[in-house]
Amino acid sequence: MSDCLFCKIIAGEIPSDKVYEDENVYAFRDIAPQAPTHILVIPKEHVASAADITEENSALVAKCFEAIAKIAGSEKLDGGFRVISNCGGDAGQTVRHLHFHILAGKKMSEKMV
Ligand code: 5GP
Ligand code: ZN
């Protein structure tokens, strides 16, 4: 998608602080971190949100979670971490390219999930 911010980051057209990359997945540090560790994990294939996952493309979600487990190891997130995917306006999704936030490094609120 030519007008998608995260597709531009994957293509290297917009710089990012890369944490992990493989054939299917790209991960980079959030520009406005909300925890000491705040990493975004995205599929290289453009999918707008969790609402657009189908039988045909659901394998990319598994690939993202394989990457999340690897990143948890390489970033030494031994104290635990939270994975969040905002979907749609009420959830506060601002970038319409499926992404998983990894948040770690502090004790998190128990009020939301
Ligand atoms: P959302 O609000 O859609 O769940 O998450 C989008 C995230 O992307 C936000 O946490 C925001 O800080 C991050 N973000 C937006 N633009 C950029 C950017 O240009 N570079 C990086 N690294 N993160 C970005
Ligand atoms: Zn995209």
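We count ligands from 1, going down the list as the structure has it; atoms in each ligand are counted the same way. The analysis underlying the following values was restricted to heavy atoms, covering all of them including side chains, and did not include hydrogens, waters or symmetry mates. All of these numbers come straight from a predicted model, not from anything done at the bench.
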At what distance is the nearest protein heavy atom to [atom], and which residue and atom is it?
atom: atom 3 (O) of ligand 1; result: Thr94 N, 2.7 Å
atom: atom 15 (C) of ligand 1; result: Leu5 CD2, 4.0 Å
atom: atom 12 (O) of ligand 1; result: Asp30 OD1, 2.5 Å
atom: atom 22 (N) of ligand 1; result: Arg29 O, 2.9 Å
atom: atom 1 (P) of ligand 1; result: His99 NE2, 3.1 Å
atom: atom 17 (C) of ligand 1; result: Ile31 CG2, 3.7 Å

Check each heavy atom of Leu40 against ligand 1 and say whether those closer than 4.0 Å belong to the side chain, the backbone, both or neither.
-> side chain
Of the backbone atoms (N, CA, C, O) and the side-chain heavy atoms from C-beta on, which set of Phe100 has a member under 4.0 Å from an atom of ligand 1: side chain, backbone, both, or neither?
-> neither
Near [X], which atoms of ligand 1 are under 4.0 Å from a heavy atom of that residue?
X: Ala32; answer: 12 (O)
X: Phe6; answer: 8 (O)
X: Phe28; answer: 21 (C), 22 (N)

May I ask you to check whether Tyr26 and Phe6 place their ring centres under 6.0 Å from each other?
-> no
Answer yes if the ring centres of His101 and His99 are under 6.0 angstrom apart, and no otherwise.
-> yes
Can you list the steps and then say if Phe65 with Val41 is a side-chain contact (heavy atoms from CB on, under 4.5 Å)?
-> CA-CA 9 Å; Phe65 274 83; Val41 179; over 6 Å; no
Based purely on interatomic distance, does [X] place a nitrogen or oxygen under 3.5 Å from a nitrogen or oxygen of ligand 1?
X: Gln93; value: no
X: Val95; value: yes
X: Gln34; value: no
X: Gly92; value: yes
X: His38; value: no

Row for the Zn ion (ligand 2): angle SG (Cys7) to SG (Cys4), 10° precision, value 120°
With rounding to 10 degrees, His97 ND1, the Zn ion (ligand 2) and His46 ND1 define an angle of 100°
Among Ile68, Ile39, Leu103, which residue meets the side chain to side chain contact (heavy atoms under 4.5 Å, CB included) test with Val83?
-> Ile68
Specify the closest pair of heavy atoms between [X] and [Y], including all atoms of both residues, with the distance to one decimal.
X: Thr54; Y: Asn57; value: N-OD1, 2.7 Å
X: Ala48; Y: Gln93; value: O-NE2, 3.0 Å
X: Gly89; Y: Arg96; value: N-NH2, 3.8 Å
X: Cys87; Y: Ala51; value: SG-N, 3.6 Å
X: His38; Y: Pro33; value: ND1-CA, 3.5 Å
X: Ser49; Y: Leu98; value: C-CD1, 3.8 Å

Atom CD1 in Ile42, atom SG in Cys7: separation rounded to 0.5 Å?
-> 7.5 Å
Is the shortest distance from a heavy atom of His101 to ligand 1 less than 4.0 Å?
-> yes
Salt-bridge test for Glu23 and Lys44: reply yes if a basic N is under 4.0 Å from a carboxylate O, no otherwise.
-> no
